[in-house]
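Working notes for the structure below.
For the numbers below, each heavy atom of this structure counts, side chains included, while hydrogens, waters and symmetry mates do not. We name chains A, B, ... by the order of the sequence lines, and we start the count at 1 in each one.
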Protein chains: 2
Amino acid sequence: MAEREQTEAEYLASYNPRAFPPQSVTVDMVLLTIRDGALSVLLIERGGHPFKGYWALPGGFVGSDEGLDEAARRELAEETGLEEFPGHFEQLRTYGAPARDPRMRVFSVAYLGFMPNLPAPMAADDAAQARWWPIADLEVTDGDELTYDQLAFDHSAILLDGLDRARAKLEYSTLATSFVKSPFTISELRRVYEAVWGVKLHDANFRRKVLSTEGFVVPTGGRKSIGRGPGVQLYRPGEGKILFPPMLRPAWDESE
Amino acid sequence: MAEREQTEAEYLASYNPRAFPPQSVTVDMVLLTIRDGALSVLLIERGGHPFKGYWALPGGFVGSDEGLDEAARRELAEETGLEEFPGHFEQLRTYGAPARDPRMRVFSVAYLGFMPNLPAPMAADDAAQARWWPIADLEVTDGDELTYDQLAFDHSAILLDGLDRARAKLEYSTLATSFVKSPFTISELRRVYEAVWGVKLHDANFRRKVLSTEGFVVPTGGRKSIGRGPGVQLYRPGEGKILFPPMLRPAWDESE
DNA sequence: ATAATAGTGTCTCTCAGACAGTATGTG
DNA sequence: CACATACTGTCTGAGAGACACTATTAT
């Protein structure tokens with residue numbers, strides 16, 4: 001007897017998605033800001049299993065009718081307590097080693113976010129506490145401080161990838177402005193670069209570079225009085241997104 | 001009666017992964033090469049539902065005990081028919097719009113690969129045919145040619161993201177060498193840039209840039225005779241991975 | 001010889017690094 | 001006043017764009 005070829009509708013009706021082993025997808029955030037001149041990452045202390053008591057990147061499962069960016073935006077709103085996320089975020093990369101989560105096969109789509117240092121609620125949604133950790137403190141290996149390898153899951157690797165991406169992004173984009181509240185001074189913007197890159201930049205040359213790059217910053221006309229020195233010219237972010245020629249990072253440590 | 005706190009082992013034993021709606025993860029490849037001077041992408045014609053008869057990026061489901069890079073490497077081996085993939089590949093980004101696959105919730109982790117133009121078997125593993133499509137042919141919107149919007153799923157968006165990434169990568173990395181068979185001439189390397197960027201480069205300045213960048217190319221000492229012109233010096237890829245200062249792309253079309 | 005491509009040399013302009021120096025406020 | 005920070009100006013050297021020119025070989 002002749003078999004009629006199956007239509008797409010028939011194929012879909014007979015398709016059984018439960019035939020595959022269960023897998024799940026989460027969104028995890030590397031959320032960076034600058035507090036007291038130090039580049040810092042938001043971590044939460046896990047209140048439940050697995051990795052109970054460990055510090056981890058904030059994140060959660062992707063809802064069944066939710067896109068990835070949408071899930072990231074929801075996580076950001078929950079973590080910062082703000083409806084609209086006041087900064088920049090972008091997808092970082094996806095992690096899917098078979099045993100990275102002991103519960104089941106879980107793929108994590110990591111996102112990278114930059115935001116200014118807001119005195120915001122920063123309410124953790126569940127019982128776990130949330131706090132900003134200076135990156136420099138995570139790099140010490142002695143003492144009883146938190147270090148990279150004490151993070152839950154593979155979050156230390158995700159954090160390191162996020163830091164690499166953030167450092168590279170400042171070179172060829174204007175995203176440094178998303179680390180500061182607007183309006184800001186040129187020196188505040190310079191301190192963003194210094195905090196993220198961990199270097200000292202030459203004040204005069206930095207100023208010339210920023211002001212000569214069209215679309216990077218726009219003067220607001222306002223001035224701000226600060227101790228020790230004259231009033232300071234204020235700026236807001238410009239329309240430009242890419243920085244060309246790029247800002248050059250001194251002491252080239254791209255060795256790894 | 002006092003409830004004892006649950007241990008992680010107990011938690012995992014009681015964890016039911018089937019409590020969540022089924023989701024799945026695939027790996028899709030944007031595999032690029034240069035054929036007859038034209039940047040080209042490998043596409044397969046789908047032999048089964050869904051999107052039967054449409055052209056699509058090669059890819060497949062991630063095995064339950066398989067990492068993401070591992071799955072990409074397996075796909076590359078299947079598509080090229082070569083055990084070891086002769087080029088470069090890296091993760092591009094992940095796509096997870098809720099309705100991007102009509103069967104179920106499928107997340108696609110896209111990879112980007114560069115390889116030289118090999119007269120390799122290129123055996124499609126299943127019944128579908130596989131072939132290289134010149135990118136320029138996909139950009140025409142009139143006629144009955146294949147165009148971007150005739151690709152299956154959201155593969156046109158993935159392809160466009162891959163092209164963007166490839167074009168950017170050539171600026172600040174030495175990865176152009178993974179598009180050519182070694183040994184190669186400086187002019188062959190220049191034609192890689194010209195094909196990927198779609199521009200003409202100035203021969204003398206390109207040569208100076210490549211040869212003055214330490215670690216980009218290494219002379220093999222060999223020469224190659226070619227019609228119309230003198231013998232040509234041959235090179236192989238150097239150890240350097242990043243290109244600093246970057247190769248500058250003329251006619252800045254990064255507007256989008 | 002002619003055409004075509006490989007390869008060298010040089011001028012100019014842009015821009016980053018370095019540094020001197022001025023202005024203006026606070027202790 | 002001393003000092004710290006904001007801001008301006010200038011010199012220099014590296015490197016990219018443009019172009020002229022030579023070398024070599026197939027037709």
Side-chain angles (χ1 to χ4, degrees), chain A residues 37 170-172 174 176 180 183-194 197 199-235 240 242-252 254, chain B residues 37 170-172 174 176 180 183-195 197 199-235 240 242-252:
Chain A
L170 291 208
E171 292 185 45
Y172 58 88
T174 61
V180 288
F184 52 86
T185 69
I186 299 292
S187 293
E188 284 166 358
L189 190 61
R190 176 170 47 79
R191 280 188 277 271
V192 169
Y193 276 89
E194 292 177 338
W197 285 352
V199 295
K200 278 285 166 204
L201 294 183
H202 192 290
D203 173 45
N205 294 338
F206 180 84
R207 179 179 309 276
R208 180 183 54 189
K209 174 69 179 174
V210 170
L211 295 180
S212 70
T213 302
E214 201 175 351
F216 197 170
V217 299
V218 179
T220 62
R223 302 199 130 252
K224 170 175 158 187
S225 181
I226 196 163
R228 290 283 200 292
V232 190
Q233 178 70 47
L234 290 172
Y235 298 85
I242 61 169
L243 198 50
F244 187 83
M247 184 79 65
L248 294 182
R249 178 164 18 164
W252 194 252
E254 196 78 63
Chain B
L170 291 207
E171 292 185 45
Y172 58 89
T174 61
V180 289
F184 51 86
T185 70
I186 298 292
S187 294
E188 284 166 358
L189 190 60
R190 175 168 49 79
R191 279 188 277 271
V192 169
Y193 276 89
E194 292 177 339
W197 285 351
V199 296
K200 278 285 167 202
L201 293 184
H202 193 290
D203 173 45
N205 293 337
F206 180 83
R207 178 179 310 276
R208 179 182 56 190
K209 173 68 179 175
V210 170
L211 295 180
S212 70
T213 302
E214 201 175 351
F216 197 170
V217 298
V218 178
T220 63
R223 301 199 129 251
K224 169 175 158 186
S225 181
I226 196 162
R228 288 285 199 292
V232 190
Q233 178 68 48
L234 290 172
Y235 298 85
I242 60 168
L243 198 49
F244 187 84
M247 183 79 66
L248 295 182
R249 173 159 32 158
W252 193 252

Could you run through nucleotides 11-18 of chain C and give me one letter per nucleotide, 5' to 3': B if any protein heavy atom sits under 4.0 Å from the base, S if only the sugar-phosphate is that close, - if neither? -----BBB
Applying side-chain contact (heavy atoms from CB on, under 4.5 Å), run through B:W197 and B:E171 and close with a yes or a no. CA-CA 10 Å; B:W197 285 351; B:E171 292 185 45; 3.4 Å; yes
Run the numbers on A:V232 and A:L234 for side-chain contact (heavy atoms from CB on, under 4.5 Å), then give the verdict. CA-CA 6 Å; A:V232 190; A:L234 290 172; 5.7 Å; no
Report the C-alpha separation of A:L189 and A:F216 in whole Å, then their side-chain angles, then the decisive distance to 0.1 Å, and conclude whether the side-chain contact (heavy atoms from CB on, under 4.5 Å) test is met. CA-CA 11 Å; A:L189 190 61; A:F216 197 170; 4.0 Å; yes
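The phosphate of D:dA6 has OP1 or OP2 within less than 4.0 Å of a side-chain N or O from A:S187.
Going from atom OH of A:Y235 over to atom P of D:dA6 covers 12 Å, rounded to whole Å. Taking atom CZ on A:R207 and atom P on D:dT5, their separation rounds to 13 Å, with Å as the unit. In this entry the distance linking CE of B:M247 with C1' of D:dA16 reads 11 Å, nearest Å. When rounded to the nearest whole Å, the span between CD of B:E214 and P of D:dA14 equals 16 Å. Nucleotide D:dT5 holds its P atom 14 Å from the CD atom of A:E188, rounded to whole Å. Nucleotide C:dA6 holds its P atom 12 Å from the CG atom of B:L189, rounded to whole Å. In this structure, A:D203 atom CG and D:dA4 atom C1' are separated by 12 Å, rounded to whole Å. Taking atom CZ of A:F206 as the reference point, atom C1' of D:dT5 lies 16 Å away to the nearest angstrom.
Contact detail for A:V210 and A:M247: the closest heavy-atom pair is CG2-CE, 4.1 Å.
In this structure a side-chain-to-backbone donor-acceptor pair under 3.5 Å is present from A:Y193 to A:L170.
Taking the six-membered ring for Trp and thresholds of 30 and 60 degrees, B:Y172 and A:Y172 have nearly parallel ring planes, at less than 30 degrees apart.
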